[in-house]
Amino acid sequence: IEEGHEFNKREKIVEFLKTLGYTSYEWNIDSEDWKYYIENGRNSLEEIMGRVKRAGEGDIVLVHDLPITAENVIPYYVDSGKYELQTLLK
């Protein structure tokens, strides 16, 4: 794969989405919450929460619809009072 191939593909997708009236958002913090459920290379709750707690103003955190997220990550953000959860618009 030539250098910049992935970037060019991503840019084409973003431009295509714009033609359909969508906005593309990119996350900059990966919680890696899904790794809690794998056997090899499993992430502990402490590792996941460590990533989650790094979020600051303007960050977008990638999480998945999983029990670990619903039971720990979302309550952390809501209960801490330090974060504002927002729905990303079309």
Side-chain angles (χ1 to χ4, degrees):
I1 298 176
E2 64 188 75
E3 189 173 331
H5 174 75
E6 287 300 315
F7 177 77
N8 290 334
K9 184 168 65 172
R10 186 173 28 248
E11 286 299 309
K12 287 179 182 179
I13 292 169
V14 168
E15 288 303 315
F16 174 72
L17 290 172
K18 282 182 185 177
T19 66
L20 298 176
Y22 289 96
T23 302
S24 176
Y25 297 94
E26 293 189 33
W27 48 267
N28 61 325
I29 298 178
D30 187 353
S31 69
E32 296 186 8
D33 53 353
W34 62 274
K35 287 186 178 179
Y36 184 78
Y37 297 97
I38 63 173
E39 289 189 32
N40 295 328
R42 179 178 180 195
N43 279 340
S44 69
L45 176 59
E46 291 76 24
E47 290 172 305
I48 294 166
M49 293 307 295
R51 287 182 192 88
V52 165
K53 291 177 181 180
R54 284 189 227 146
E57 185 174 341
D59 286 328
I60 297 176
V61 181
L62 175 65
V63 296
H64 299 85
D65 184 14
L66 299 168
I68 189 86
T69 306
E71 295 167 4
N72 296 280
V73 176
I74 302 303
Y76 166 75
Y77 285 129
V78 171
D79 296 342
S80 73
K82 296 190 269 182
Y83 301 94
E84 179 182 343
L85 301 179
Q86 296 182 349
T87 300
L88 300 178
L89 303 175
K90 178 181 174 187

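In this structure the side chain of N72 never reaches within 4.5 angstrom of the side chain of I48, judged on heavy atoms. In this structure, V73 and I68 have side chains that are not in contact, with every pair of non-hydrogen atoms separated by 4.5 Å or more.
In this structure, I60 CD1 and D30 CG are separated by 13.0 Å, a value rounded to the nearest 0.5 Å. Considering NZ of K53 and CD1 of I29, their distance stands at 13.5 Å, rounded to 0.5 Å. With values rounded to the nearest 0.5 angstrom, T69 atom OG1 is found 3.5 Å from D33 atom CG. Atoms CD and CG, from E71 and L45 in turn, are 10.0 Å apart once rounded to the nearest 0.5 Å. Summarising the geometry, atom NE2 belonging to H64 is positioned 10.0 Å from atom CD belonging to E32; distances are rounded to the nearest 0.5 Å.
Considering only residues two or more places apart in sequence or on other chains, I13 meets the side-chain contact (heavy atoms from CB on, under 4.5 Å) condition with K9, L17. Contacts of Y77 classified as ring pair (Phe, Tyr, Trp, His ring centres under 6.0 Å), with partners at least two apart in sequence or in another chain: Y83.
Hydrophobic clustering of Ile, Leu, Val, Met, Phe, Trp and Tyr side chains at less than 4.5 Å, counting indirect connections, unites Y22 with F16. If you chain together hydrophobic residues whose side chains sit under 4.5 Å apart, L85 and L62 never meet in one group. At a threshold of 4.5 Å between side-chain heavy atoms, the hydrophobic network of Ile, Leu, Val, Met, Phe, Trp and Tyr places Y25 and V61 in two separate groups.
Residues N40 and I38 approach most closely at O-CD1, 3.1 Å, considering heavy atoms. Between A70 and P75, the shortest heavy-atom distance links the atoms O-CD, 3.3 Å.
A cation-pi arrangement is absent between R42 and Y37 under the rule of less than 6.0 angstrom and at most 45 degrees off the ring axis.
Between the N43 side chain and the Y36 main chain, no donor and acceptor come within less than 3.5 Å of each other.
Applying the salt bridge (Lys or Arg N to Asp or Glu O under 4.0 Å) test to every pair with at least one member in residues 15-27, sequence neighbours left out, gives these pairs: E15-K18.
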